[in-house]
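No experiment lies behind these values; they were computed from the predicted model shown. Start at 1 and go down the list; that is how both ligands and their atoms are numbered.
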Amino acid sequence: MEPLRIGLVGWGTVGSALGELVEAGPLPVRIAWLAVRDPGRERPVPLPAGVATHADPGPFDEVDAVVELTGGIEGPLALAERTLDAGLPYVTANKALLATHGGALAERAVATGAALLASASVGGGTPMLEVVDHLAATGRIARLRGLVNATTTFILSAMATGRSYDDAVVAAQEAGYAEADASFDVEGRDAAQKLAILAWVAWGTWRAETAVARRGIVGEAVAPGAVVRLVAEATPDDLRVAPVTLDATDPMATAEGIECVLEITTRDAGTIIVRGPGAGGRVTAGAVYADLAQLARGERPVIGQSPARRAVHA
Ligand code: HSE
């Protein structure tokens with residue numbers, strides 16, 4: 001079997017972890033080129049030997065898919081459009097991009113017959129979108145409720161043991177869990193973006209991050225031993241993110257550190273809970289790798305397409 005040739009954009013925490021997986025994992029995948037902003041800069045994980053590395057993504061005719069693991073919106077948007085217009089799959093962990101332009105990009109992917117995959121955008125290595133997508137097939141998801149931002153769970157659980165807010169934020173940044181700009185975590189924007197993506201997959205209607213009513217954890221007091229968490233919650237008509245003091249009997253109350261949890265309430269199958277590590281290079285790279293496995297199998301999924309639309313696309 002010919003290996004899947006990928007163009008990889010970004011060699012940060014997740015990109016370099018994906019590089020290791022591609023090297024060591026079982027899939028027939030090869031990095032055909034790597035694009036990083038400053039190829040000459042020294043990095044915690046050295047750039048891979050023997051891989052053509054440029055400042056700009058390309059050439060596109062040498063790859064079967066583009067994998068974008070950077071951040072920001074404008075550059076990735078142009079790259080996604082160019083990739084999809086070339087009929088190539090675009091794989092990303094970029095929740096900000098999807099919660100701003102996801103609907104239009106999915107339309108574009110459908111129009112050009114390309115694929116758009118983003119398993120790593122929500123839940124890190126924990127398959128939240130995958131489970132929601134599976135349950136969405138019946139159209140019977142009633143409600144989503146969860147802890148989808150690992151950094152705030154980490155900070156709030158540390159504060160309950162007496163650590164100061166500022167100390168806990170720095171620890172989350174040092175551990176590589178927080179966004180490059182941690183205000184996205186603590187102001188609830190990261191959680192709002194993820195909730196918008198989850199709701200898109202659950203109900204098939206794309207909504208932007210701005211459709212989510214949002215309050216973050218800045219200024220939140222946590223009494224010793226109290227379980228305060230940034231809870232994301234959605235029904236088909238209402239999306240919200242806010243800090244909530246959880247009862248000890250709540251299944252989410254035992255999530256500590258970087259654990260993320262999603263409760264999916266369905267009309268037919270009761271409540272299903274998905275739980276696991278929601279941040280970190282290796283776990284998140286694992287979700288990207290699972291997307292590559294789909295492509296290697298010849299599948300061409302487009303995120304957020306309702307089962308009916310998916311059938312048409314196929
Ligand atoms: N900053 C994010 C979080 C990283 O804490 O959940 C994973 O998306």
Sequence neighbours excluded and cut-off under 3.5 Å, please list the side-chain donor-acceptor pairs for residues 13-31, or say none.
from  : atom 1 : to     : atom 2 : distance (Å)
Ser16 : OG     : Gly12  : O      : 2.7
Glu20 : OE1    : Arg282 : NH2    : 2.8

Residue part near ligand 1, for Asp190, under 4.0 Å between non-hydrogen atoms: side chain
Going by the atom numbers of ligand 1, which of them fall below 4.0 Å from some non-hydrogen atom of [X]?
X	answer
Glu179	1 (N), 2 (C), 4 (C)
Asp185	1 (N), 2 (C), 3 (C), 5 (O)
Gly278	7 (C)
Lys194	2 (C), 3 (C), 6 (O), 7 (C), 8 (O)
Tyr177	1 (N), 2 (C), 3 (C), 4 (C), 5 (O)

Side-chain ion pair, Arg145 and Asp250, N-O less than 4.0 Å: yes
Ionic contact status for Glu263 with Arg275, cut-off 4.0 Å: no
Check whether the side chains of Asp238 and Thr235 place a donor and an acceptor atom closer than 3.5 Å, and report yes or no. no
Could you tell me if Ser164 and Asp166 have a donor-acceptor pair between their side chains, going purely by distance under 3.5 Å? no
Protein heavy atom at shortest distance from atom 5 (O) of ligand 1: Thr151 OG1, 2.6 Å
Please name the residue in the list Val274, Thr271, Leu198 that meets the side-chain contact (heavy atoms from CB on, under 4.5 Å) test with Ile264. Val274
Nearest-option assignment for atom 6 (O) of ligand 1, heavy atoms, candidates Ala150, Ala93, Gly123, Ala120: Ala150
